[in-house]
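Below is one structure; the comments refer to it alone.
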Amino acid sequence: MPQARVIPLHSDPNRVVARRADARVRVPVERPAGLAPVRVVRRPAAPEPGPGSVGTAATTTTTGADWERRLEELLAFLGRRLTGDYGVDEFGFDPEFTDHVVLPLLRPLYQRWFRVETTGMSNVPSTGGALVVANHSGTLPVDGLMTMVALRDDHPAGRYLRALGADLVFRTPMIGSVSRKAGVTLACNPDAERLLNTGELVGVWPEGFKGVGKPFKDRYKLQRFGRGGFVSAAIRTGVPIIPCSIVGAEEIYPLVADLKPLARLFGLPYFPVTPTFPALGPLGALPLPSKWYIEFGEPIRTDTHATADADDPMLVFNLTDQVRETIQQTLYRLLAQRRNAFTG
Amino acid sequence: MAPQVVLVTGVSRFIGAHLAARLAADPDIERVIGVDTVPPPPDLLRGLGRAEFVRADIRNPLIAKVIRGAGVDTVVHTSLSANPAQWGGRVAMKEMNVIGTMQLLAACQRSSQMRRLVLKSTTAVYGSSPRDPAMFTESMAPKALPSGGYAKDAAEIEGYVRGFGRRRPDVAVTVLRMANFVGPRIDTALTRYFSLPVVPTVLGYDARMQLLHSEDALAALEIATRSDRPGVFNVGAPGVLLLSQAIRRAGRLQLSLPSAMVGPASRFFRSTRLIDFTPDQMRFLNFGRVVDTDRLRDEFGFAPRWTTIQAFDDFVQGRQLRPVISPERVHAAESRVLAAARAIR
């Protein structure tokens, strides 16, 4: 019997746990009001509304001033960008650019197109390092982008996800430089450990190209989880691993075939053929509007292990399997609850 | 233990000359001998003070005679050059860099008075590639061995210096891998590049640059010369500047060229003698490079005074670069637009 879909309205950890416990009963169509599939409380589109914005907007006479203030902010932002008056960290992460350019571009996709629903946000700590491990799918790594938006917009602390990307990302012009500015860095242990040590939230998709470029018939079947490098990074830095299951990304570009000779020609891991690409040309770049669910599972602690355990392959393999199994089971559960890939 | 007799190579160039001048100002050091193939230009010569200049080519055995004759106990090798034009081509540059160092080390190995060797190396030994970790530590190796140019020379020289260190364990060997220099007075390919009114870049790439103020470079070299700090250390200013950001901070215009046009463009710049970028420097401008300086702070005991951004701003102000887009103009435009918006309403 499939379990009920549970969407917490508040990020209160106790309540989430309580709901999960009683969620075994299938919730009828007329759901109790408290369990209605309402979106998780969303932060306003502007990441940091200026002080007094609520107060001024309340009176009609000052709406002009509000509009003026926003223009002033926009001009100040453009001025800072034009004069190079902003800071980036050693990884090339540019928070201002991410908040004002990258996230606003992704938000319509997140809110309107994929209608992403997040659960278990309370499992992601508000401060300190943590490693978010997620399944990878969708031909293009849109799932990574959506997870970034989810954690910035739907997490109470508005956390930036520092994603780890393949070297292909950084080899590609434009995509490479924008990714660095959005906080992506190369998937390698030194970078992951450096970020985790400085208390950042790091995101990793251990399936890599095997996951993102798998045929549509294999959807929601997890591929091999790399070589467990992410687990050793987590053990070395003692941060929790948060399994993250993403449902919906598999349907955005159903990969029906892989043109290997073309992939070799362009130096790509695969050359996708989807129902719309390359048949419809640039229109094929439009993802199908599937309904997405992102669930963050219970953190798996690693600080109970000694740092030296990171070099114990058996422990690393076991932990890798545990993370993989958790995500796979969550995927099955979420899929069983889903009635339709596009309407949810 | 303060050194008695110091030999500084590459004394006709900025870093060598200023280091020799700093050492000459210290009465505890008995003699400072500067060596180079050409005499220092007048502006550098003035600062040298009591330092002696020996016009010698470190590629010939004369250098051994100088080291033995003067009883040199500390050698600071700063003559590593990144600029092929200075020597009249890449072949001569390699000869000067690599063969010169071999000769110098051969002379040092023979000398019984030698106590300390300081090598000014470069972070270019780590290369620049899209597969690089965000920050290089001293124990990391480049993803691909540098195929040519300055980086290859530096990697080979470091290899010879390691060999020397093994053969002469009594000599304290310090290798300082320095980030790209900027400063109000130093002239490098990078400072010339940012002095162009329109700065060409490769479309779609934005390098992370870590810089080092020339004064900080001199300070680090001076510490290594005066006291035993054996080991390999990355020397770079804290913080990172993106290439596009640096161009904007300098008030320059950025011209992004598609990679297909980079070849002809760099030939044009070489022929006009404005700037001459080697392939490894071009890769640096695409992918950048950042090094971890924890070891410099904790073991070497040196913290740069300028951050990357401060060093770059000091260069921009010190050169009195007239910005094409100045912050004043941007702010003026900002208030004009705002005033216009208010008027419309």
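Chain identifiers are assigned alphabetically (A, B, ...) following the order of the sequence lines, protein sequences preceding nucleic acid strands; residue numbering begins at 1 within each chain.
For the set B:L241, B:I309, B:D132, the count of heavy-atom pairs under 4.5 angstrom toward chain A peaks at B:D132. The candidate with the highest count of non-hydrogen atom pairs below 4.5 Å against chain A, out of B:D292, B:T308, B:V290, is B:D292. By number of non-hydrogen pairs under 4.5 angstrom with chain B, the leading residue of A:V178, A:L75, A:D167 is A:L75.
To the nearest 0.5 Å, atoms CE (B:M135) and CZ (A:F91) are separated by 7.0 Å. The line from OG1 of A:T83 to CD1 of B:I325 is 9.5 Å long, rounded to the nearest 0.5 Å. Note that CE of B:M140 is 7.0 Å distant from SG of A:C188, once rounded to the nearest 0.5 Å.
With a 4.5 angstrom heavy-atom cutoff, B:L203 touches chain A via backbone and side-chain atoms both. For B:S259, no part lies under 4.5 angstrom from a heavy atom of chain A. Contact annotation for A:R171: both backbone and side-chain heavy atoms come within less than 4.5 Å of a heavy atom of chain B. Contact annotation for A:L186: only side-chain heavy atoms (C-beta onward) come within less than 4.5 Å of a heavy atom of chain B.
Under the 4.5 Å side-chain criterion, counting only non-hydrogen atoms from C-beta, A:S177 is not in contact with B:Y205. At least one side-chain heavy atom of B:R248 sits under 4.5 Å from a side-chain heavy atom of A:R81. Within the 4.5 Å cutoff, no side-chain heavy atoms of A:D89 are placed close to those of B:V240.
Counted by atom type alone, B:R249 and A:Y86 present zero donor-acceptor pairs between their side chains at under 3.5 Å.
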Would you check, one step at a time, whether the test side chain to side chain contact (heavy atoms under 4.5 Å, CB included) holds for B:R208 with A:V88?
CA-CA 9 Å; B:R208 291 169 302 127; A:V88 297; over 6 Å; no

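Annotation for B:R342: atom CZ counts as buried by contact number, over 12 foreign heavy atoms lying within 6.0 Å.
The two residues A:F170 and B:F287 have their closest heavy-atom pair at O-CE2, 3.8 Å.
The backbone N or O of B:A134 lies less than 3.5 Å from a partner atom in the side chain of A:D191, making a donor-acceptor pair.
If you run side-chain contact (heavy atoms from CB on, under 4.5 Å) between B:D206 and each of A:R180, A:K181, A:M174, only A:K181 comes through.
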